[in-house]
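From a predicted model like this one, the values you see are computed outputs, not experimental measurements. Note that the numbering runs from 1 along the sequence shown for the chain. Values below: all heavy atoms of this structure, side chains included; hydrogens, waters and symmetry mates excluded.
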Amino acid sequence: PAVPLPVPSDCIAAPCSLDATVGHLLQDGALDGRPAVLHFTAGNYTLNSTYTIDGGALLSELRLVGDGSTVLAPLANETLFHIAAGAPPVLMQDLTLRGRIRVEGGTLRVVNCQFLEGAALRVDGGSVQVHAARFAGVRAQDDESAIAIHAGELTVSDTTFEHNRARRGGAIFASGGALTVLRSVFRGNEAAADGGALAVDGNAAVLLANGTSLEGNVASAGGNAFSLTGGNASLTYGLPAPLGSWVASGAICQEVPPP
C-alpha cells in the first residue's frame with residue numbers, strides 16, 4: 001500500500017514550502033521502491049516555492065491527491081510543480097490548481113483536476129496523460145497557453161477547455177512533440193493572434209479524434225478554430241470527425257457558425 005504523507009495544515013494558514021514540510025521524507029531512503037501519497041485535505045494551500053520532483057525520490061510512484069483542495073502559487077503564472085527527468089511516475093488527482101506545472105521528463109497522469117486562472121501545463125519532455133480535467137479562465141503569458149507542448153508526448157481525454165485566452169492558441173499551443181486529444185471540448189477560447197482553440201507550429205504533430213468538438217472559439221488574426229503553421233507541423237482529424245464545420249484559407253481555418 002501507498003505510504004500516506006499528509007500535507008501540514010500550516011500550508012493553509014500561511015504560504016509554505018513542500019520541500020521543507022514533507023520533501024525530506026521522500027529523500028531519506030526509507031520509502032525507496034514504495035508508492036507515496038501527498039494528501040491535500042480540504043482547504044486552500046499556498047506554496048511559496050516550486051516543488052521539484054526528480055530522481056532524488058526513488059519511489060515507485062508519487063501521488064498528489066486532493067479532497068476538495070486548491071493548490072495555488074502566490075503570484076499568477078508561477079510554477080507550482082516541476083517534474084524533472086529521472087522523476088518517479090507522478091499522479092495528480094482531484095485537485096484545483098492555480099499555478100503552473102512544468103514537465104521535463106518522467107511520466108505524469110492528471111485525473112479529475114481543474115486548472116483555473118493562473119494555472120497552466122507546460123510539457124517540455126516525458127509522457128503526460130490528462131483525463132477528465134477542466135481548463136477554465138486561464139490567462140496565459142508570452143507564447144504559452146492553458147497547455148503548451150514543446151516536446152514529449154501528451155494525451156488529453158474527456159477534458160473541457162473553456163474561456164481560456166492566450167496570444168497564440170487560446171487553449172493549446174503546440175510547437176513540438178506529439179499531442180492526441182480525445183472526446184474533449186474546446187468552447188469560447190480566444191487568441192490575441194491566431195488559433196482560437198489551438199495553434200500548431202514547428203514540428204508538432206496533433207491528432208483530434210473521437211468526437212472532439214471546437215465551438216465558438218475566436219482569434220483576432222485568423223484561425224478561429226485553429227491555425228497550422230511551420231513546415232513540419234501537422235494536424236489530423238480522426239473519425240468520427242469533430243463536431244462543427246470549417247472553411248480553409250491556406251493553413252488558417254475559420255469556424256462556420258451553425259445556421
Salt bridge (Lys or Arg N to Asp or Glu O under 4.0 Å) contacts in which one or both residues fall within residues 177-188, not counting sequence neighbours: D158-R183, E162-R187, R187-E215

Heavy-atom pair of closest approach, residues T212 and L182: OG1-C, 3.5 Å

If every non-hydrogen atom of A73 is compared with every non-hydrogen atom of E78, which pair is closest and at what distance? CB-CB, 3.8 Å

Residues forming a ring-ring contact (aromatic ring centres under 6.0 Å, His included) with F81, sequence neighbours excluded: none

Is any side-chain heavy atom of L214 closer than 4.5 Å to one of L208? yes

Hey, does Y51 have a side-chain heavy atom less than 4.5 Å from the side chain of L80? no

For R122, look at atom CZ and say whether over 12 heavy atoms of other residues, nucleotides or ligands are found less than 6.0 Å away. yes

Which distance, rounded to the nearest 0.5 Å, do you find between the OG of S184 and the NE2 of H131? 9.5 Å

Do V185 and V156 share a hydrophobic cluster (ILVMFWY, side-chain heavy atoms under 4.5 Å, transitive)? no

Find out if a path of hydrophobic residues (ILVMFWY) with successive side-chain heavy-atom gaps under 4.5 Å connects I147 to V138. no

Please report the interatomic distance OG(S17) to CG(N48), rounded to the nearest 0.5 Å. 6.0 Å

If the condition is side-chain hydrogen bond (donor to acceptor under 3.5 Å, both in side chains), which residues does T50 pass it with, not counting sequence neighbours? none

In the structure I gave you, are the side-chain heavy atoms of L121 and L97 within less than 4.5 Å of one another anywhere? no

With a 4.5 Å limit on heavy-atom distance, are the side chains of D10 and C16 in contact? no

Exercise: identify the closest heavy-atom pair between P35 and S60: N-OG, 3.0 Å

Side-chain polar contacts of residues 100-109 - donor-acceptor pairs under 3.5 angstrom, sequence neighbours left out - could you list them?
unit_1	atom_1	unit_2	atom_2	d
R102	NE	D124	OD2	2.9
R102	NH2	E104	OE2	3.2
R102	NH2	D124	OD2	3.3
E104	OE1	H82	NE2	2.7
R109	NH2	E61	OE2	3.1

All heavy atoms of G196 vs all of A219, minimum pair found to be N-CB, 3.6 Å

CG-SG distance between L18 and C11, expressed to the nearest 0.5 angstrom: 6.0 Å

Going by side-chain hydrogen bond (donor to acceptor under 3.5 Å, both in side chains), name the residues that satisfy it together with N189, two or more places apart in sequence or in a different chain. N164, N217

Taking ring-ring contact (aromatic ring centres under 6.0 Å, His included) as the definition, give me every residue that meets it alongside F135, ordered by chain and number, with sequence neighbours left out. F115, F161

If two hydrophobic side chains count as joined below 4.5 Å and joins carry through other members, does V181 share a cluster with L235? yes

What are the two closest non-hydrogen atoms of G169 and A191, and how far apart are they? N-CB, 4.0 Å

What's the separation between atom CD in E153 and atom OG1 in T180, rounded to the nearest 0.5 Å? 8.5 Å

Just grab all the side chain to side chain donor-acceptor pair (under 3.5 Å) pairs involving residues 196-206, residues at least two apart or on different chains. R168-D201, D201-T229

Only counting residues at least two apart or in another chain, list the ones meeting side-chain hydrogen bond (donor to acceptor under 3.5 Å, both in side chains) with D67. none

Between atom CD of Q114 and atom CG of D94, what is the distance when rounded to the nearest 0.5 Å? 10.5 Å

Applying side chain to side chain contact (heavy atoms under 4.5 Å, CB included), can you list everything that pairs with A36, at least two apart in sequence or on another chain? L5, L26, L31, L59, L62

Quick one: does V128's side chain get under 4.5 Å of I149's, heavy atoms only? no

Using the rule that two of Ile, Leu, Val, Met, Phe, Trp, Tyr join whenever any of their side-chain heavy atoms come within less than 4.5 Å, decide whether I12 and L47 are in one cluster. yes

Has T159 got a side-chain atom pairing as donor or acceptor with A133's backbone, closer than 3.5 angstrom? yes

Check for me, please, whether L58 and L38 land in the same ILVMFWY cluster - side-chain distances under 4.5 Å, paths through other members count. no

Under a single-linkage rule joining Ile, Leu, Val, Met, Phe, Trp and Tyr whose side-chain heavy atoms are separated by less than 4.5 Å, which residues share a cluster with V111? L91

Nearest heavy-atom neighbours spanning A120 and S145: CB-O, 3.6 Å

Residues in side-chain hydrogen bond (donor to acceptor under 3.5 Å, both in side chains) contact with T41, at least two apart in sequence or another chain: Y45

Could you measure the distance from the CZ atom of R134 to the SG atom of C113? Nearest 0.5 Å is fine. 13.0 Å

For T70, which residues count as a side chain to side chain contact (heavy atoms under 4.5 Å, CB included) partner, sequence neighbours excluded? N44, L72, T96, R98

